[in-house]
There are 2 protein chains.
Amino acid sequence: MIELQQQLSFIIEIDQLKHVLRKSILVNGERVENSAEHSWHLAMMAMILQEHANEPVDVNRVIKQVLVHDIVEIDAGDTYAYDEDGHNDKEEREQQAAERLFGLLPGPQRDELMALWHEFEARETPEAKFANAIDRVMPLIHNIESNGTQWKKYRITRPQVEKRMAPVKEGSIALAKYVDDLLDQAVADGLLEAGQIPPPVSGGG
Amino acid sequence: MIELQQQLSFIIEIDQLKHVLRKSILVNGERVENSAEHSWHLAMMAMILQEHANEPVDVNRVIKQVLVHDIVEIDAGDTYAYDEDGHNDKEEREQQAAERLFGLLPGPQRDELMALWHEFEARETPEAKFANAIDRVMPLIHNIESNGTQWKKYRITRPQVEKRMAPVKEGSIALAKYVDDLLDQAVADGLLEAGQIPPPVSGGG
């Protein structure tokens with residue numbers, strides 16, 4: 001019973017993820033998304049799109065990773081994908097958050113959640129590569145479905161989005177191709193600025 | 001690519017679950033919960049509390065069931081646990097919703113999600129019994145953490161809550177015992193009305 005109480009304290013604590021707001025606007029345009037509902041949406045995306053992973057994946061492990069991947073934001077906050085300053089100390093803030101939050105659980109479960117989160121962050125296993133791929137694609141879909149509102153607001157350009165999307169191909173070449181087509185269309189439709197095309201790097205010397 | 005587009009249409013469609021509002025108030029008291037974030041929270045609860053199931057469960061199947069179990073509410077709406085009229089045509093409304101929503105997917109995936117949802121609703125397998133147990137306990141925790149606001153508002157009594165909690169013991173006797181203790185405390189703290197204790201049924205006839 002003591003273990004059950006400890007576990008329920010964790011369950012109650014993570015209710016706060018429902019108050020961590022992301023930059024993505026929901027498809028109906030009404031409000032921004034929170035990280036709890038985003039995590040649910042990603043878990044569904046993993047179930048539905050698993051066949052498009054580059055390598056066969058254990059979808060159950062992908063689902064667990066995406067369910068857990070944002071819990072650290074309860075303490076560390078959501079860092080906007082295009083906030084370069086925010087990314088400087090992101091790793092340290094999130095590690096501290098993981099220790100406090102997962103540390104509320106009995107030892108073996110603390111270790112299990114910590115391992116899932118580290119695996120997601122490291123992007124080395126097929127499951128983590130695929131989990132990261134869908135985590136990158138989801139906000140792109142939200143941006144397009146909400147007419148590029150956030151891209152326009154923060155004056156995001158296509159090269160910035162492409163840099164952010166670079167890990168998608170590691171998890172799913174099929175999704176990466178789809179993203180390219182979506183970006184062509186988004187620029188053509190005026191949802192996203194084309195941005196400066198970097199000059200070709202001169203060879204030699 | 002056509003299959004990927006069809007799958008993404010479903011992913012976009014179910015974004016609407018984030019707008020289906022439940023009666024439960026979040027732990028910090030700020031607002032009611034939506035069904036998408038509730039589904040995420042239940043999936044985490046399944047991961048953390050699986051050892052308390054009466055029978056060994058395939059936790060991955062429990063997780064998938066709870067991720068999927070409320071999607072029908074996009075069309076059918078959330079029916080409040082204590083709304084008896086709403087429950088009269090709930091089954092028919094939800095079946096139609098399942099056919100439309102899961103029907104957006106390629107055939108095998110439509111069948112998979114339909115099967116998960118039917119299994120959850122039937123409460124016959126160990127996984128479905130446990131999934132239903134945590135789905136009943138979660139709003140109780142929210143009610144207690146938010147000082148019984150919704151119980152007071154809708155004048156809910158302990159016998160009504162007990163009736164609603166009856167399936168918990170089918171999935172987890174440990175959780176059912178915990179619920180009993182919580183209800184004792186909730187009545188003692190004035191969060192929940194004790195209600196009328198029904199008179200003993202006279203024997204014979």
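Within every chain, numbering begins at 1; the chains are lettered A, B, ... in the order of the sequence lines, protein sequences first and strands thereafter. What's counted below: heavy atoms across the whole structure, side chains too, no hydrogens, waters or symmetry copies.
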Please test A:E3 against B:H52 for side chain to side chain donor-acceptor pair (under 3.5 Å), starting from the C-alpha separation and ending with a verdict. CA-CA 10 Å; A:E3 178 152 298; B:H52 304 289; 5.1 Å; no
With side chain to side chain donor-acceptor pair (under 3.5 Å) as the criterion, how do B:E37 and A:N34 come out once you've worked through the C-alpha distance, each side chain's angles and the decisive distance to 0.1 Å? CA-CA 8 Å; B:E37 61 197 3; A:N34 70 61; 2.9 Å; yes
Please evaluate residues A:K18 and B:N28 with respect to the criterion side-chain contact (heavy atoms from CB on, under 4.5 Å), reporting the C-alpha separation (whole Å), side-chain torsions for both, the decisive distance (0.1 Å), and the verdict. CA-CA 10 Å; A:K18 300 167 188 170; B:N28 83 349; over 6 Å; no
What's the verdict on side-chain contact (heavy atoms from CB on, under 4.5 Å) for B:L26 and A:Q16, showing C-alpha distance, side-chain angles and the deciding distance? CA-CA 8 Å; B:L26 296 184; A:Q16 295 176 68; over 6 Å; no
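Both the backbone and the side chain of B:Q7 come within less than 4.5 Å of a heavy atom of chain A. Contacts of B:E30 with chain A are made by side-chain atoms alone, with heavy-atom separations under 4.5 Å and no backbone atom involved. Of the two parts of B:V137, neither the backbone nor the side chain holds a non-hydrogen atom closer than 4.5 Å to a non-hydrogen atom of chain A. Contact annotation for B:I141: only side-chain heavy atoms (C-beta onward) come within less than 4.5 Å of a heavy atom of chain A. Neither the backbone nor the side chain of B:R61 comes within contact range of chain A, judged by heavy atoms closer than 4.5 Å. Looking at B:I63, only its side chain comes within 4.5 Å of chain A, counting heavy atoms on both sides. B:L116 touches chain A through its side chain: at least one heavy atom from C-beta onward sits under 4.5 Å away, while N, CA, C and O do not.
The shortest non-hydrogen separation linking B:Y178 to A:L8 is CE2-CD1, 3.2 Å. The shortest heavy-atom contact between B:L67 and A:A43 is CD1-CB, 3.7 Å. Looking at every heavy atom in both residues, B:Q109 comes nearest to A:I48 through NE2-O, 2.9 Å. Closest approach of A:D15 to B:V27, counting heavy atoms only: OD2-N, 2.9 Å.
Most heavy-atom pairs under 4.5 Å with chain A: of the set B:I11, B:L105, B:L175, this distinction falls to B:I11. Of the listed residues (B:R31, B:M45, B:K64), the one with the most heavy-atom contacts under 4.5 Å to chain A is B:K64. Interface remark: of the candidates A:N60, A:L49, A:V59, A:L17, A:N60 forms the most heavy-atom pairs closer than 4.5 Å to chain B.
Side-chain atoms of B:E145 and A:I12, non-hydrogen and from C-beta on, do get closer than 4.5 Å to each other. Under the 4.5 Å side-chain criterion, counting only non-hydrogen atoms from C-beta, B:M47 is in contact with A:V68.
The 12-atom threshold is exceeded at CD of A:E162, counting heavy atoms of other residues, nucleotides or ligands nearer than 6.0 Å. In this structure, A:E99 places its CD atom where more than 12 heavy-atom neighbours from other residues, nucleotides or ligands lie under 6.0 Å away. Annotation for B:K163: atom NZ does not count as buried by contact number, only 12 or fewer foreign heavy atoms lying within 6.0 Å.
Here CE of A:M44 is found 4.5 Å from CD1 of B:I14. Values are rounded to the nearest 0.5 Å.
Side-chain atoms of B:W40 do not come within 3.5 Å of backbone N or O of A:H38 as any donor-acceptor pair.
Within the structure, the ring pair (Phe, Tyr, Trp, His ring centres under 6.0 Å) test picks out the following pairs touching residues 119-144 of chain A (sequence neighbours left out): A:H41-A:H142, A:H69-A:F120.
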